[in-house]
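Following: one structure in structure tokens, then a few remarks.
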There are 2 protein chains.
Amino acid sequence: MIPTSSENIFRILVATDNHLGYAEKDAERGGDSFNTFREVLELAVEQNVDFVLLGGDLFHDNKPSTQCLVKCMELLKTYSFGDKSVEFELVSDPAENFPHLREPMVNFHNPNLNVGIPVFSIHGNHDDPVGLGHFCALDMISTAGLVNYFGRANNLQEINISPLLLVKGKAKLALYGLSAVKDDRLFRLFREEKVRMLRPREFPDDWYNVLVLHQNHVERPPYNYIREEFLDGFLDLVIWGHEHECKILPRESAQQYHVMQPGSSVATSLCEGEAVQKHVALLEINEENCIKPTALPLKTVRPFVFKTVSLADNVPMDVRTTDQVRASLVEEFLEKTVKEMITESLEQLTGHPRQPKKPLIRLRVDYTDERDLINVIRFGHRFEEEVANAYEILLFRKARKTEKACKE
Amino acid sequence: MIPTSSENIFRILVATDNHLGYAEKDAERGGDSFNTFREVLELAVEQNVDFVLLGGDLFHDNKPSTQCLVKCMELLKTYSFGDKSVEFELVSDPAENFPHLREPMVNFHNPNLNVGIPVFSIHGNHDDPVGLGHFCALDMISTAGLVNYFGRANNLQEINISPLLLVKGKAKLALYGLSAVKDDRLFRLFREEKVRMLRPREFPDDWYNVLVLHQNHVERPPYNYIREEFLDGFLDLVIWGHEHECKILPRESAQQYHVMQPGSSVATSLCEGEAVQKHVALLEINEENCIKPTALPLKTVRPFVFKTVSLADNVPMDVRTTDQVRASLVEEFLEKTVKEMITESLEQLTGHPRQPKKPLIRLRVDYTDERDLINVIRFGHRFEEEVANAYEILLFRKARKTEKACKE
Ligand SMILES: [Mn+2]
Ligand SMILES: [Mn+2]
Ligand SMILES: [Mn+2]
Ligand SMILES: [Mn+2]
């Protein structure tokens, strides 16, 4: 049953980092990004949302293949177009919101298009403008009327962000977009107070203020991340794209605003953060500026089990053991562990008919002795039928480093 | 005043080889292809046509730049979408006409799009499918709902062409499309009688039969062209894309059918055929299967003057002349000739506000003595302000060859 839409409550489907076209040429995994993006859009329909909000990296590549663009447009056409009526209004000036478009207009105001669930997106670092005339793939699908591409800063000396002012009955949402900018440059601009979020002229305090951006969130000193304290205190919610680990339920920052980090919808690297259960969010915002975020687990995501083992702890060194015996003990142990991980991956099967069943398995192996480095390709060969990334299962690591963030 | 539409007469705007993106990076000429394609679409609106028919090479490149795709989509959205009602019907099975589409459908049947003047196109050799999944730029803009991409042969062992059956009142049009295939392969398929044009099952003789194809037309023995006698005698009109010289008014072939060669809308090579006045055609077809073709001159095309001169005829050889004096006599003569050609180019100015005025000038110079080869770049330098292709004005040629066709 489709949830009814309340006239004074925004219902927004929030997702990010869909990375369409990721590993597109991989016979096994090539369809994963599209498969789950379809699920995201299906959820938007199921949840009867007012619009979809994407936080960048919709495309994995700056210049997506024609196939990737075709598949993306097919999906958007199927789920975003349709007879559902759009129940909110844009009351800000589209010329201020979309200065990069020749005809600044939201697609649901185009009389020649029948848009049911509009999609809004900023660009990420993977799909930012490049080349002749400085266009990006979002320009293309926005020209086709399939998305509303916003938050593009054309002047990188000084960034002024005009919010999309969206009104649904008595609910009022000011949506600020900041597409990906090189972290160190943006860091500097923030420090020099050259990033300004413009407030609505009328009743500036009545609005619920959301910023969506696509930057490093995890600290990468000195300048390669954006500090939460940079962001204006008037904001109510910051939706943070780019970081692929799903931390979707908002937590309060020291600056009062809440931070939601939806994470990617497809694993583009075999790191620990990508193995966390992936979600999108249903975000409800009412006329009292209260929000209700609901995490919606994605059920078409390929199972991914990540584990770290130490050879020292598991294959005790015995000085009397020959190298050859030692190697087979290591190999035996790793093989047993991978088999356990494959079994563990079954727990991630959701029963969704489109979920691919062959898991991603990544076993990080801490070692101390170079002689324990077994051949990763040869090892992978035996798992070719069972594991989607058979030849990249093992990752040997000499010394334990600090945990890294999962971003792309 | 917009011509009225008669309910039993098809009005079709026929154009081909628009080569969008040609010389896109050239500061002077980069906009030419878009500029004239806009004119073509404006003519479609002005002439109140039922649809636009394109004969391939809509794009100059297999992988057009994002800018090129954005510009193309902007134009199609502006002129093809709108409130004009589509007054003809497609009565054939779209699944047979568009087997390469996931959802075979003409865009004016899509309930979410408001199409006023549909555009139909085959692909040419410049914009044929390549790469992953075998997609082309037409797939993209057709997925976006901006064109109807037809005539794509997926099986190159045997080609069966299902016509689009279009009905407007009592007028009945069977439209066969054959997108570009390598000439020698197609030559062989024709000779082996493996190219079949399927006739409508009901009242096969009632239809006016048009084939649009994109192949070499001018003889290039032994196999690199398509012979007119290959094409079925039941055809009434063949619209021949790929050849860039405009020969738009139909002439009768030995096989009874008529042949229309619209030619390109932008000069992509500096050959004689491209200097011929460019046109598109308004093609009217009535219920008696009579046609009325009208050549519509394109007024935004950059002036182009082509001339051949012989040094032997113009700069008489005198054995007593030193090499240096001889060189300056040659240069003087060529400079004078180019200046005359620039003056001549003024006759091609149409007064259209968007026509670029800086002409293309190509002077082919027949020479006999190697010492007469002056430096083309240095020569061009003095015309930089006056000629769009200053550094490519002169083309030296040793022996007179036979005329070549102008195609791309
Ligand atoms: Mn990113
Ligand atoms: Mn990403
Ligand atoms: Mn061609
Ligand atoms: Mn051509």
Side-chain angles (χ1 to χ4, degrees), chain A residues 21 24-27 30-31 34 59 61-84 100-103 105 107-108 110-117 127-147 149, chain B residues 21 24-27 30-31 34 59 61-84 100-103 105 107-108 110-117 127-147 149:
Chain A
E24 202 178 10
K25 292 175 182 167
D26 183 321
F34 302 101
F59 296 99
D61 287 308
N62 267 132
K63 301 197 169 236
S65 72
T66 308
Q67 171 175 275
C68 175
L69 287 162
V70 165
K71 285 184 176 181
C72 171
M73 294 199 292
E74 279 175 349
L75 290 173
L76 289 170
K77 215 168 62 162
T78 304
Y79 295 99
S80 176
F81 283 6
D83 281 335
K84 176 182 184 308
H100 54 289
L101 297 186
R102 208 156 315 186
E103 290 184 50
M105 183 199 277
N107 62 350
F108 52 97
N110 186 324
N112 295 322
L113 301 176
N114 195 27
V115 176
I117 303 180
D127 54 2
D128 60 339
V130 285
L132 197 64
H134 220 55
F135 286 92
C136 68
L138 282 172
D139 281 305
M140 210 180 312
I141 59 173
S142 116
T143 304
L146 292 163
V147 297
Y149 169 29
Chain B
E24 201 178 11
K25 292 174 183 169
D26 183 320
F34 302 100
F59 297 99
D61 287 308
N62 267 132
K63 301 197 169 235
S65 71
T66 307
Q67 170 174 278
C68 176
L69 287 161
V70 164
K71 285 184 175 181
C72 171
M73 293 199 293
E74 278 174 350
L75 290 173
L76 289 170
K77 215 167 64 162
T78 304
Y79 296 99
S80 176
F81 282 6
D83 281 335
K84 178 182 183 308
H100 53 291
L101 296 187
R102 209 157 313 186
E103 290 183 49
M105 185 199 278
N107 62 351
F108 51 97
N110 185 325
N112 295 321
L113 301 176
N114 195 27
V115 177
I117 303 179
D127 53 3
D128 60 338
V130 285
L132 196 64
H134 221 54
F135 286 92
C136 67
L138 282 172
D139 282 305
M140 210 179 313
I141 59 174
S142 116
T143 303
L146 293 163
V147 297
Y149 168 29

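Letters A, B, ... are given to chains in the order of the sequence lines, protein chains preceding strands, and every chain is numbered from 1.
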Please find the pair of heavy atoms, one from Leu132(A) and one from Ser65(B), that lie closest to each other, and give the distance.
CD2-OG, 4.3 Å
One should read off an interatomic distance between Thr78(A) OG1 and Asn112(B) CG, to the nearest 0.5 angstrom, of 9.5 Å
Heavy-atom closest pair, residues Met140(B) and Met73(A)
O-CE, 3.0 Å
Check each atom of Cys72(B) against the heavy atoms of chain A and say whether the ones under 4.5 Å are side chain, backbone, both or neither.
neither
Here the gap from Thr143(B) atom OG1 to Leu75(A) atom CG, rounded to the nearest 0.5 Å, amounts to 10.5 Å
State, to 0.1 Å, how close Gly133(B) and Gln67(A) come at their nearest heavy-atom pair, and which atoms those are.
CA-OE1, 3.4 Å
How long is the gap from CG on Asn114(B) to CG on Asn114(A), to the nearest 0.5 Å?
9.5 Å
At a heavy-atom separation under 4.5 Å, does Pro111(B) approach chain A through its side chain, its backbone, both, or neither?
backbone
Contact between Glu103(A) and Lys77(B) at the side-chain level, heavy atoms closer than 4.5 Å - yes or no?
no
When only pairs under 4.5 Å are counted, which of Asn110(A), Leu113(A), Leu146(A) shares the most heavy-atom pairs with chain B?
Leu113(A)
Rounding to 0.5 Å, atoms CG (Leu138(B)) and OG1 (Thr66(A)) come to a distance of 10.5 Å
